[in-house]
Protein chains: 2
Amino acid sequence: MSGKPTMNDVARTAGVSLKTVSRVVNGEPSVTPDLAARVRAAVESLDYRPHLGASMLRRNDRRTRMIGVLLEDVANPFSGALHRAIEDAARDRGVHVLTGSLDEDEQRERDLARAFRQRQTDGLIVAPAGSDQSYLSRFTGTPIVFVDRPPSGFGADTVVSTNVAGAAGAVRHLVAHGHRRIAFLGDYQRRATARERFRGYLQALGHRPGPVVHDVRGEVAAERATLALLRRADAPTALFTGQNLITIGAVRALQRIGLHQSIALVGFDDFPLADLLDPPVTVVAQHPARMGRAAADALFERIDGHNGPPREIRVATTLIPRGSGEIRIAPAR
Amino acid sequence: MSGKPTMNDVARTAGVSLKTVSRVVNGEPSVTPDLAARVRAAVESLDYRPHLGASMLRRNDRRTRMIGVLLEDVANPFSGALHRAIEDAARDRGVHVLTGSLDEDEQRERDLARAFRQRQTDGLIVAPAGSDQSYLSRFTGTPIVFVDRPPSGFGADTVVSTNVAGAAGAVRHLVAHGHRRIAFLGDYQRRATARERFRGYLQALGHRPGPVVHDVRGEVAAERATLALLRRADAPTALFTGQNLITIGAVRALQRIGLHQSIALVGFDDFPLADLLDPPVTVVAQHPARMGRAAADALFERIDGHNGPPREIRVATTLIPRGSGEIRIAPAR
DNA sequence: ATGAAAGCGCTAACAA
DNA sequence: TTGTTAGCGCTTTCAT
């Protein structure tokens with residue numbers, strides 16, 4: 001009786017059997033109002049809370065009502081928005097969320113996936129860091145949904161942006177403003193998303209692509225790459241940046257050399273305060289909240305027993321013209 | 001055998017007793033190498049993973065190696081940074097993190113705190129939404145640490161910024177640049193943090209405060225309040241904004257009426273891209289990563305049995321001059 | 001060094 | 001309607 005009270009303590013206090021307490025706690029109807037009241041009083045006076053772990057151990061459905069979410073980094077805005085949407089969907093169902101940041105580390109992806117599974121999470125939502133998810137094939141009984149990036153070597157529901165169409169739209173937008181030499185600055189090409197965005201870029205430009213820089217990683221690298229690009233003899237008149245941080249790095253570079261009003265820029269993925277910069281940055285916005293919701297919905301369907309083939313859910317992007325993408329090409333003189 | 005393998009399945013496969021498997025799995029030394037090898041082989045071949053819930057149920061230390069973290073909103077950058085720092089500290093100890101967003105809803109705070117406790121989390125880190133945490137006094141055996149905001153009606157370790165000193169420093173910075181009419185725009189005064197920042201403002205200005213607007217909530221309200229302030233006869237020459245979103249709202253207002261180069265601004269709490277705005281925004285930066293780490297460290301100390309009186313841990317802020325706060329007062333003409 | 005029995009807190013299956 | 005018994009997967013205690 002010194003530690004937390006158990007069902008047995010409640011039973012003793014209420015003068016009923018253990019099972020009667022269980023019935024009341026679980027809202028089974030077949031209990032006399034009189035007894036139920038006594039049980040509830042005992043629960044109240046002892047401040048008894050059922051032990052979910054113990055109950056789940058014995059229960060037939062074996063649900064922990066807990067899911068695991070593996071994100072790139074819970075501190076970045078995109079991951080944060082995904083996380084929040086998943087949390088909201090989970091809350092509607094009384095499910096709690098375990099999270100972990102992967103930092104592009106595939107070892108951590110495997111470790112965390114295993115650890116969460118070992119905690120009997122009812123399912124997993126994964127924004128993959130590694131380039132091989134085949135280790136998940138042993139995860140029988142734990143539904144998995146991928147988000148933001150498609151998996152390799154393992155099939156499951158996947159929620160991703162319309163990367164090709166979004167990138168192509170961005171580049172066509174620049175073409176419509178008179179640009180012909182449009183540069184591409186993109187993330188690691190080993191990532192499917194980066195490849196897709198590059199594909200969209202190529203698609204929009206037909207067979208006349210501009211200068212291309214792949215495998216740009218992070219803001220600082222993007223700033224450097226942009227500066228290098230603009231010093232070239234065939235310097236582009238417009239930039240298409242394939243990712244968040246690359247866009248910000250490019251903005252820094254343009255401001256630094258005073259070309260922010262003359263070189264056009266469209267970035268893939270929106271970011272906070274993009275509309276407050278000078279000029280405001282035109283982006284292809286992804287919709288992380290919709291993506292998170294879609295991923296959670298898909299996961300819960302699977303948890304509820306849906307058993308169809310893997311689905312690919314594409315979430316449309318939105319071009320948001322704000323200024324930087326509408327800079328027209330300087331008239332030849 | 002159709003579901004996940006249990007320790008018993010492993011024992012049968014390896015031809016040893018259940019307890020021997022338990023010993024091997026838990027790394028107890030007293031097992032013959034020969035038997036240990038057989039057990040490990042069986043574990044491997046069955047892909048056996050111990051059931052953490054079951055083990056924790058029987059174990060003496062009763063640790064789930066899971067903590068709960070209640071934040072304002074996992075999607076906002078400050079909460080995200082806190083969360084990430086806590087996650088990193090937890091990972092060092094093999095602990096996993098359950099999170100929940102409170103959205104300033106005190107009901108949700110109580111519900112989630114209870115729910116996490118019911119899941120036997122080893123401890124809780126709470127950024128309180130409500131103005132009364134006395135319900136936590138029933139949470140015996142579950143250590144709690146507060147972060148970002150102090151609790152009311154319940155004593156526990158608390159990690160907060162040096163709000164008074166930070167705010168006073170910001171205002172003195174403006175005074176040093178010639179300003180005398182410095183406005184204060186602050187969050188809900190029922191929040192201790194908002195009150196502290198206001199106190200710092202008053203402290204720096206002695207008994208000659210400028211125009212004050214309290215209870216500004218959100219970006220849009222801040223923009224409106226700023227516009228109203230600047231239309232007044234005694235319009236301030238400088239603004240001190242007591243919170244993130246208020247700062248951004250003020251920036252919008254200043255840009256909109258073209259006063260961003262003439263009215264000085266210092267904001268409490270840094271935000272992404274503040275340095276890319278025009279002018280770059282001077283802020284009193286908080287250090288959410290340090291705060292999260294400090295909160296996690298304090299919590300783990302408590303979990304490990306430390307039993308001293310509640311501690312208040314203050315994390316120093318940093319004034320980051322970027323431009324907006326160094327605008328000098330326009331010479332009288 | 002190994003194993004058998006008991007039991008963590010709870011629910012399923014069955015009985016009264 | 002209520003209670004009894006068994007047992008979820010594991011660790012403890014105590015015997016061998």
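Each chain gets a letter, A, B and so on, in the order its sequence line appears, and its residues count up from 1.
- One can place CG of A:Asn8 at 12 Å from C1' of C:dG7, the figure rounded to the nearest angstrom.
- Comparing C:dA13, C:dG3, D:dT11 against the side chain of B:Val16 picks out C:dG3 as the nearest.
- Rounded to an integer number of Å, the gap from CZ of B:Arg62 to P of D:dC10 is 16 Å.
- When rounded to the nearest whole Å, the span between NZ of A:Lys19 and P of C:dG9 equals 17 Å.
- When each of D:dT1, C:dC8, D:dC10 is scored by its nearest atom to the side-chain atoms of B:Leu57, the top-ranked nucleotide is C:dC8.
- Comparing atom distances between the A:Arg59 side chain and each of D:dC10, C:dA12, C:dC8 picks out C:dA12 as nearest.
- Classified by interplanar angle (parallel below 30°, tilted 30° to 60°, perpendicular above 60°), the ring pair B:His96/A:Phe116 is perpendicular.
- Counting to the nearest Å, the P atom of D:dT12 and the CD atom of B:Glu28 are 8 Å from each other.
- Judged by distance alone, with hydrogens and angles left aside, B:Arg23 brings a side-chain donor or acceptor within reach of the base of C:dG3, the pair sitting under 3.5 Å.
- Comparing D:dC10, C:dG3, C:dT11 against the side chain of B:His51 picks out D:dC10 as the nearest.
- In this model, the phosphate group of C:dT2 is not approached by any side-chain N or O of B:Thr20 to a distance below 4.0 Å at OP1 or OP2.
- Counting heavy atoms of neighbouring residues, nucleotides and ligands inside a 6.0 Å radius, atom CZ of A:Arg40 does not exceed 12 of them.
- Residue A:Arg12 contributes atom CZ, which lies 12 Å from atom P of C:dC10 at whole-angstrom precision.
- On a pure distance criterion of 3.5 Å, no polar donor-acceptor pair joins the side chain of B:Arg58 and the base of C:dG9.
- Listed candidates were C:dG3, C:dC10, D:dT1. Nearest to the side chain of A:Met7 is C:dC10.
- Checking side-chain atoms of A:His287 against main-chain N and O of A:Arg290 turns up no donor-acceptor pair under 3.5 Å.
- Atom CG in B:Asn60 sits roughly 10 Å away from atom C1' in C:dC8 (whole-Å rounding).
- Here D:dG9 presents its C1' atom at 17 Å from CG of A:Leu52, a figure rounded to the nearest Å.
- Closest to the side chain of A:Thr32, out of D:dT1, C:dT2, C:dA13, is D:dT1.
- Distances shown here put a side-chain N or O of A:Ser22 below 4.0 Å from the OP1 or OP2 atom of C:dT11.
- Close to C:dT11, at under 4.0 Å from its OP1 or OP2, lies a side-chain N or O of A:Asn26.
- The side chain of B:Thr6 lies closest to D:dC10, out of D:dT4, D:dC10, D:dT2.
- Atom CG in A:Leu46 sits about 14 Å away from atom P in C:dG9, given to the nearest Å.
- No donor-acceptor contact under 3.5 angstrom links the side chains of A:Thr193 and A:Arg149, judged on distance only.
- An OP1 or OP2 oxygen of D:dT2 is reached within less than 4.0 angstrom by no side-chain nitrogen or oxygen of A:Ser30.
- Atom CD of A:Gln107 is surrounded by more than 12 heavy atoms from other residues, nucleotides or ligands within 6.0 Å.
- At least one side-chain nitrogen or oxygen of B:Ser17 sits closer than 4.0 Å to the OP1 or OP2 atom of C:dG3.
- Using a 4.0 Å cut-off between a side-chain N of Lys or Arg and a carboxylate O of Asp or Glu, B:Arg108 and B:Glu72 do not qualify as a salt bridge.
- Checking C:dA13, D:dT1, D:dC10 against the side-chain heavy atoms of B:Leu18 singles out D:dC10 as nearest.
- Of the two residues near DNA chain D, A:Ala54 and B:Asp61, the one whose nearest nucleotide lies more 5' is A:Ala54.
- Listed pair A:Arg49 / C:dG9 fails the phosphate criterion, with no side-chain N or O lying under 4.0 Å from OP1 or OP2.
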